[in-house]
Amino acid sequence: MRFSKEFYLDNAVSLAKKLLGQYIVRRIDGKEIIVKIVETEAYVGPEDKGCHAYNNRRTKRTESMFLEGGYAYVYIIYGMYYCLNIVTAKEDKPEAVLIRAVEPISGLEYIKENRKIKSTKIEELTNGPGKLCKALNINKSLDKYNLVTGEELFVMKNENIEKEKVVEKIAESKRINIDYAEEYTEKLWRFYIKGNKFVSKNKVKN
DNA sequence: CGGCCGATCAGCT
DNA sequence: GCTGATCGGCCGA
């Protein structure tokens with residue numbers, strides 16, 4: 001069952017936690033990839049100095065974050081990688097959840113095709129925001145994509161989420177690589193599933 | 001395994 | 001002209 005619009009109209013911190021353990025479905029050229037979300041970060045503009053839309057900064061890039069919840073926000077980072085965010089909250093409230101790491105559930109052969117890495121460690125395929133975009137073939141064309149109605153990319157409920165006790169395993173920490181965000185670097189707005197080996201290995205100063 | 005470093009360019013200012 | 005919500009290769013331990 002995919003999530004409907006109401007699910008996304010929540011604030012980013014709450015949704016960052018609710019998304020953990022849920023599935024992302026990616027369909028392209030008749031192929032289907034399903035992954036489980038294991039690490040997220042909340043960006044709570046306009047007061048959040050770590051958020052691209054801090055101080056209601058509205059540009060061509062950040063425009064997507066001002067949409068109502070349920071759309072994708074995809075941007076290019078370091079000139080070479082994409083990052084996938086899920087826009088949350090009401091229209092004109094620029095909040096989003098960054099998907100930082102996922103665990104492959106099905107379509108692993110397509111993920112490997114998309115990644116082409118030397119390492120044989122499966123977790124290296126999707127344990128970072130840029131890596132998972134490459135793995136799911138996500139690019140700028142999916143910016144502003146409607147996750148509520150679209151068939152190529154959407155979030156689906158993991159029916160075993162209670163059985164997997166995801167809620168009990170949620171850990172929180174500071175967000176990664178936002179040293180410029182002053183007091184907002186200290187916010188514990190990064191969430192991940194404790195013990196999951198697909199969580200990104202980035203320095204956790206917590 | 002961990003730290004360092006270069007790659008590479010859109011999106012700002 | 002500068003910077004970044006990153007990654008992978010290399011090198012030393």
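In the text below, chain A, chain B and the rest are named by the order of the sequence lines, each starting its count at 1.
- Straight-line distance from the OH atom of A:Y192 to the C1' atom of C:dA5: 17 Å, rounded to whole Å.
- Checking A:K60 against A:Y81, the closest nucleotide of DNA chain B that is more toward the 5' end is the one next to A:Y81.
- If you check every strand for non-hydrogen atoms under 4.0 Å, A:K140 touches sugar and phosphate atoms only.
- Note: CG (A:L98) to C1' (C:dT6) measures 11 Å, nearest angstrom.
- Remark: the backbone N or O of A:A12 is paired with a side-chain donor or acceptor of A:E95 at under 3.5 angstrom.
- In summary, contact between chain A and DNA chain B, defined as any nucleotide atom under 4.0 Å from a heavy atom of the protein, begins and ends at B:dC1 to B:dT13 in the 5' to 3' direction.
- What separates CD1 of A:I176 from P of C:dA5 is a distance of 13 Å, to the nearest Å.
- Contact between the side-chain N/O atoms of A:Y180 and the OP1/OP2 oxygens of C:dA5 is found at a separation under 4.0 Å.
- Distance NZ (A:K134) to C1' (C:dT6): 13 Å, rounded to an integer number of Å.
- Partner of A:F198 under the side-chain contact (heavy atoms from CB on, under 4.5 Å) criterion, out of A:K36, A:E123, A:R100: A:E123 alone.
- Between A:L132 atom CG and C:dC7 atom C1' the separation is 13 Å, expressed in whole Å.
- In this structure, A:K201 does not reach the C:dC7 phosphate: none of its side-chain N or O atoms is under 4.0 Å from OP1 or OP2.
- The side-chain ring of A:Y78 is stacked on the base of C:dT6, judged by centre separation under 5.5 angstrom and plane angle under 30 degrees.
- Interatomic distance, A:S106 OG to A:I111 CD1, rounded to the nearest 0.5 Å: 8.0 Å.
- At the phosphate of C:dT6, OP1 or OP2 sits under 4.0 Å from a side-chain N or O atom of A:N177.
- Within 6.0 Å of the NZ atom in A:K60, the count of heavy atoms belonging to other residues, nucleotides or ligands does not exceed 12.
- B:dT8 makes up no base pair with any nucleotide shown, lacking Watson-Crick or G-U wobble contacts both under 3.5 Å.
- The separation between A:E123 atom CD and C:dG8 atom P is 13 Å, rounded to whole Å.
- With a 3.5 Å ceiling on both atom-pair distances, the Watson-Crick or G-U wobble partner of C:dG12 is B:dC1.
- Rounded to whole Å, the distance from CE on A:M80 to C1' on C:dG9 is 12 Å.
- At least one side-chain nitrogen or oxygen of A:R100 sits closer than 4.0 Å to the OP1 or OP2 atom of C:dT6.
- When heavy atoms are screened at a 4.0 angstrom cut-off, A:R175 is found touching no nucleic acid atom at all.
- Using Watson-Crick or G-U wobble geometry with both donor-acceptor distances under 3.5 Å, C:dA5 finds no partner in any strand shown.
- Chaining together hydrophobic side chains whose heavy atoms lie under 4.5 Å apart leaves A:L9 on its own.
- Atom CZ of A:R61 and atom C1' of C:dA5 are 9 Å apart (whole Å).
- Checking C:dG8, C:dT6, C:dG9 against the side-chain heavy atoms of A:K118 singles out C:dG9 as nearest.
- Figure legend: cation-pi geometry between A:R175 and A:Y43, with NZ or CZ positioned under 6.0 Å from the six-membered ring centre and within 45° of its axis.
- Here the straight-line distance linking atom CD of A:E39 with atom CD of A:E103 works out to 13.0 Å at 0.5 Å rounding.
- By the 6.0 Å contact criterion, NZ on A:K144 is enclosed, its count of non-hydrogen atoms from other residues, nucleotides or ligands being greater than 12.
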